[in-house]
2 protein chains.
Amino acid sequence: MGQSPDLPGERPPFSAAAPAAPLWDLIELLFFAYRDFVGDPDHVLEKFGFGRAHHRVLHFVYRNPGLKVADLLAVLRITKQSLGRVLKQLVDEGYIVQRAGPSDRRQRLLFATSKGESLVLRLAGLQTDRIRRALGAAGAGEGAQLRRFLRGMIDQDEDDPVLKTILQASGTAETEER
Amino acid sequence: MGQSPDLPGERPPFSAAAPAAPLWDLIELLFFAYRDFVGDPDHVLEKFGFGRAHHRVLHFVYRNPGLKVADLLAVLRITKQSLGRVLKQLVDEGYIVQRAGPSDRRQRLLFATSKGESLVLRLAGLQTDRIRRALGAAGAGEGAQLRRFLRGMIDQDEDDPVLKTILQASGTAETEER
DNA sequence: TATTTATGTCAACTATATTGACATATTTCC
DNA sequence: GGAAATATGTCAATATAGTTGACATAAATA
């Protein structure tokens, strides 16, 4: 006697305290959108022998010149061992330099070189092109609402100085810098 | 003689054919938003001994009952070897069942069990809660503009039947199902 | 019947992360 | 000034999620 597999049946026609219906379409659109969003940089990074991890490190170092290792670890939420492998490659190949902190010489402050800047701008350009295309397709002034929506998706973290400034900045104004 | 590290200087004050300015804030907001968006399910999955890969498989199988293995591979863009490991666990532990295709018995059509449904609804509930919160905070209404933006971020793929139907559906109407 | 297709499996390897232990230099506290 | 705490780095073992390549089986199709 084959036991029937336990498939879910029809949804009950009605229910008093039903949980809010899942927003299936937005869940899926976010998945595909983010995959393509990071896919463009991935293709370029591959030619350099780098991966996504290198992109993230280079991005945050470029955007926060003089970033402390501790703050980079906080924003990436990885361990120093994991960062180590990636950062060492970026330093060895001249994309990032380290300088001792002026007041606390234990700190190794991180800076992108112009070689690093050139790569990070190339990657950001790809992502920016995709975003601009999508903003255009979405119609007038979607940017402001989109920023508010994305900020609302993000959990605060008092122990992450980089994230803190990002949430403050985007909370303030349109900040289309330069 | 210490060679100065090759740091990027000030941006040139003006330039005729400058590339469009990177949308730094949106690039970063997307990164953090997506990380927290998948972070909620991650915590739950961990208690089940599962990872993100299991979530993706279970999600698309639940959303597309009777999905062919080939179509699942297409939408996930992974190899059958990579899928194999994850799918085997989900089947062994009773979250997914396989049935031979009625017309083509080589096919193994995939279905979520009610155990699988219960897990996938729990995970979707977490993500839905976060999205609703953010939509509310953004004053974005039902998210019509957001849907158009996200669709604009996604590349078409004729060889992916699952993606094709998603882009069609979300392109049509508000599709708040049920 | 011969070939193609849909799926599965074995094996080796890569990228990115983890935990735990320990090392070094520097700063801070008493 | 010495002890303790801090910032960073390194070695080793392990986990997760992916890859390529080779080969196997059953069922459909030419």
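All figures in this text were calculated on a predicted structure; none of them were measured in a lab. Each chain gets a letter, A, B and so on, in the order its sequence line appears, and its residues count up from 1.
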Apply salt bridge (charged side-chain N to carboxylate O under 4.0 Å, His left out) to B:R77 and B:D157, showing your working. CA-CA 11 Å; B:R77 299 207 192 144; B:D157 181 355; 3.6 Å; yes
Going through the distances and angles, do B:R130 and A:D155 end up as a salt bridge (charged side-chain N to carboxylate O under 4.0 Å, His left out)? CA-CA 10 Å; B:R130 182 178 293 269; A:D155 294 329; 3.0 Å; yes
I would like to know whether A:R63 and B:E28 meet salt bridge (charged side-chain N to carboxylate O under 4.0 Å, His left out); could you show each step before the answer? CA-CA 10 Å; A:R63 290 280 295 155; B:E28 290 173 347; 3.0 Å; yes
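Taking every heavy atom of residues 64-91 of chain B and every atom of DNA chain D, pairs under 4.0 Å involve B:R77, B:I78, B:T79, B:Q81, B:S82, B:R85, by number. Near DNA chain D, meaning a heavy atom under 4.0 Å away, there are no residues from residues 39-57 of chain A. Contacts of residues 101-109 of chain B with DNA chain D (heavy atom under 4.0 Å): B:S103, B:D104, B:R105, B:R106.
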Distances under 3.5 Å between protein N/O atoms and the N/O atoms of nucleotides 2-4 of chain D, please, pair by pair.
none

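A side-chain donor-acceptor contact under 3.5 Å links A:K115 to the backbone of A:E93. The main-chain N or O of B:G51 is found under 3.5 Å from a side-chain atom of B:H54 such that the two form a donor-acceptor pair.
Taking the six-membered ring where the residue is Trp, A:Y95 and A:F48 present perpendicular rings, their angle passing 60° and hence far from 30°. The aromatic rings of B:Y34 and B:F37 lie tilted to each other, with the angle between the two planes from 30° to 60°.
With sequence neighbours left out, B:R52 forms a side-chain hydrogen bond (donor to acceptor under 3.5 Å, both in side chains) with B:D42. For B:R105, the salt bridge (Lys or Arg N to Asp or Glu O under 4.0 Å) test picks out no residue, with sequence neighbours left out.
In this structure, the ring of B:F31 has its center less than 6.0 angstrom from the ring center of A:F60.
Side-chain contact between A:L26 and B:T128 is absent, with no heavy atoms from C-beta onward closer than 4.5 Å.
Salt bridge B:K164/B:E158: present, at least one basic N to carboxylate O contact under 4.0 Å.
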